Amino acid sequence: MPGGAMLSHRPSTPRRPKTVLAGVLGAVLALTAATAGTAAAAPPPAKERLTPGTAYMGVGQRVHEGTAPENGPSLGAQAHTSGVQGIDVSHWQGSINWSSVRNSGIQFAWIKATEGTSYEDPRFGANYVGAYNAGVIRGAYHFALPNVSSGSVQANFFASNGGAWSRDNLTLPGVLDIEHNPYGAMCYGLSTTQMRSWINDFYTTYKARTGRDVVIYTTASWWNTCTGNWTGMYSKSPLWVAHWTSSETPTIPNGFPTWTVWQYTSTGSVGGVSGNVDRNKFNGSRDRLLALANNTP
């Protein structure tokens, strides 16, 4: 799931003719243009304490459950690459070449927009527009911090800073990323009753702002523990489940009958993205993905 070029110091050399220098410069610029959008920063190691704003999809699972290898083979990366494929990204992926992403077979993407009540991902704008221009069906996600404000406050912040929706054939509904707390206690210090109220508060406010049901991204272990196997959202919110495995199907929270999107690895590879990236699979055809985007039956 989430660099820069360094200029090397070179000893002085004899002055070259301008035409040669121009040719060299042209080649360098061409190479730069061809590789633009691939530099990236690596996310902190799972054992390193994170600071607010640095969270990303799956970070809770990575920190608390340790199921994503720092090195080595990608869990599930080769097992589920058929069907309608997508990715999710944040500033950790650096600059992305979205045309290359689309040409690699990626049809959809969710992009981090906000976290808590004040953090805005610095690469959201570039990613959101870049994905759209490349023909990738894209949406935004909000990393929830239920211990810092009400669900309503965070839903409004999200909707006002990238989480809006329009029926334009290329925009997915927003996502509530609610998972293991990467900064502290697993359930953010809330009881199961308080967590249910917080999620419903976020959902109700987001729907009032956008007209859409928010998609819920979570893991089975977090949902079962922190909401107490709550069934109250299954008829309202599509489920995006994180389960990094080569198994044929993911383990889903007890409160949902099925999954809509499956994040099957945190260490995938996609053209146009440097380094690891989360890979996802949509549970249906492209027509059904477009129906989700456009809010049609």
Side-chain angles (χ1 to χ4, degrees), residues 1 57-58 60-61 65 67-68 75-88 105-110 137-144 151 163 165 167 171-180 187 192 195-196 198-200 202-204 206-207 210-266 268 278-297:
M1 262 184 331
M57 279 190 166
Q61 183 170 345
E65 300 181 10
T67 52
L75 288 175
Q78 302 303 317
H80 309 295
T81 53
S82 62
V84 180
Q85 292 288 307
I87 59 174
D88 58 85
I106 298 301
Q107 300 189 47
F108 67 95
W110 266 287
I137 305 168
R138 86 301 196 237
Y141 78 83
H142 173 80
F143 194 95
W165 172 83
R167 185 182 283 113
T171 304
L172 291 158
V175 173
L176 172 62
D177 176 356
I178 191 156
E179 55 179 290
H180 289 70
C187 300
T192 56
M195 189 63 76
R196 293 178 184 186
W198 194 97
I199 293 169
N200 193 65
F202 188 102
Y203 166 85
T204 301
Y206 182 79
K207 186 162 187 177
T210 67
R212 294 304 310 270
D213 297 322
V214 71
V215 176
I216 291 178
Y217 168 95
T218 194
T219 64
S221 61
W222 187 90
W223 188 268
N224 295 344
T225 300
C226 297
T227 74
N229 305 311
W230 187 33
T231 61
M233 296 305 296
Y234 81 85
S235 63
K236 298 187 287 188
S237 288
L239 171 67
W240 183 355
V241 64
H243 185 197
W244 306 331
T245 177
S246 58
S247 300
E248 292 185 4
T249 57
T251 298
I252 63 175
N254 291 334
F256 291 86
T258 189
W259 56 276
T260 297
V261 184
W262 174 10
Q263 186 190 75
Y264 57 83
T265 184
S266 65
D278 298 337
R279 292 200 55 156
N280 304 278
K281 185 173 185 175
F282 180 73
N283 192 7
S285 65
R286 179 176 174 83
D287 286 345
R288 298 314 304 158
L289 177 66
L290 287 169
L292 176 63
N294 294 322
N295 201 23
T296 55

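All residue numbers in this chain count up from 1 along the given sequence. Because the structure is predicted, anything quoted here is derived from the model rather than measured.
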- Message: With a 4.5 Å cut-off on side-chain heavy atoms, are Pro253 and Val241 touching?
- Response: yes
- Give a yes or no on whether the backbone of Gly58 and the side-chain of Tyr217 come within a donor-acceptor separation of less than 3.5 Å. yes
- At what distance, to the nearest 0.5 angstrom, does OG1 of Thr218 lie from CG of Leu176? 8.5 Å
- Message: As an exercise, state the distance from CG of Asn295 to CZ of Arg212, rounded to the nearest 0.5 Å.
- Response: 4.0 Å
- Enter the distance from Ile216:CD1 to Asp177:CG here, rounded to the nearest 0.5 Å. 11.0 Å
- Can you check whether Gly228's main-chain N or O pairs, donor with acceptor, with Arg196's side chain at less than 3.5 Å? yes
- Message: Donor-acceptor check, side chain of Asn224 to backbone of Asn254, threshold 3.5 angstrom: yes or no?
- Response: yes
- If every non-hydrogen atom of Pro238 is compared with every non-hydrogen atom of Val214, which pair is closest and at what distance? CD-O, 3.8 Å
- Query: Under 3.5 Å, is there a donor-acceptor pair between the side chain of His80 and the main chain of Thr249?
  - Reply: no
- Message: Going by side chain to side chain donor-acceptor pair (under 3.5 Å), name the residues that satisfy it together with Thr227, two or more places apart in sequence or in a different chain.
- Response: Trp223
- Task: Check the pair Trp240, Asp88 against side chain to side chain donor-acceptor pair (under 3.5 Å), reporting the backbone distance first and the verdict last.
- Result: CA-CA 11 Å; Trp240 183 355; Asp88 58 85; 5.2 Å; no
- Verdict with reasoning, Ile106 to Arg279, per side chain to side chain contact (heavy atoms under 4.5 Å, CB included): CA-CA 9 Å; Ile106 298 301; Arg279 292 200 55 156; 3.9 Å; yes
- Just by distance, do the side chain of Glu179 and the backbone of Ala144 share a donor-acceptor pair under 3.5 Å? no
- If you look at every heavy atom in Pro250 and His243, which pair is closest and at what distance? CA-ND1, 3.4 Å
- Task: Mark yes or no for whether Trp222, through its side chain, and Cys187, through its backbone, hold a donor-acceptor pair below 3.5 Å.
- Result: no
- Query: Under 3.5 Å, is there a donor-acceptor pair between the side chain of Trp165 and the main chain of Gly174?
  - Reply: no
- Got a second to check how far His180's NE2 is from Thr225's OG1, nearest 0.5 Å? 6.5 Å
Would you give me the side-chain donor-acceptor pairs under 3.5 Å for residues 282-292, sequence neighbours excluded?
unit_1 : atom_1 : unit_2 : atom_2 : d
Asn283 : ND2    : Trp259 : O      : 2.8
Ser285 : OG     : Asp287 : N      : 3.4
Ser285 : OG     : Arg288 : N      : 3.4
Arg286 : NH1    : Gln107 : OE1    : 2.8
Arg288 : NH1    : Pro297 : O      : 3.3

- When rounded to the nearest 0.5 angstrom, what is the spacing between CG in Leu239 and CH2 in Trp262? 12.5 Å
- Message: Can you tell me how far apart CZ (Phe256) and CH2 (Trp230) are? Round to the nearest 0.5 Å.
- Response: 8.5 Å
- Yes or no on side chain to side chain contact (heavy atoms under 4.5 Å, CB included) for Ser82 and Lys281, after CA distance, side-chain angles and deciding distance? CA-CA 8 Å; Ser82 62; Lys281 185 173 185 175; 3.3 Å; yes
- Task: Please report the closest heavy-atom contact between Val215 and Trp110, naming both atoms and the distance.
- Result: CG2-CZ2, 4.3 Å
- Does some side-chain heavy atom of Arg138 sit less than 4.5 Å from a side-chain heavy atom of Thr171? yes
- Query: Which atoms form the tightest heavy-atom contact between Ser237 and Tyr203, and what is the distance?
  - Reply: OG-CD1, 3.7 Å
- Message: Please enumerate all residues that pass ring-ring contact (aromatic ring centres under 6.0 Å, His included) together with Trp198, with sequence neighbours excluded.
- Response: Phe202
- If you take all heavy atoms of Met233 and Asn200, which pair is closest and at what distance? SD-OD1, 4.4 Å
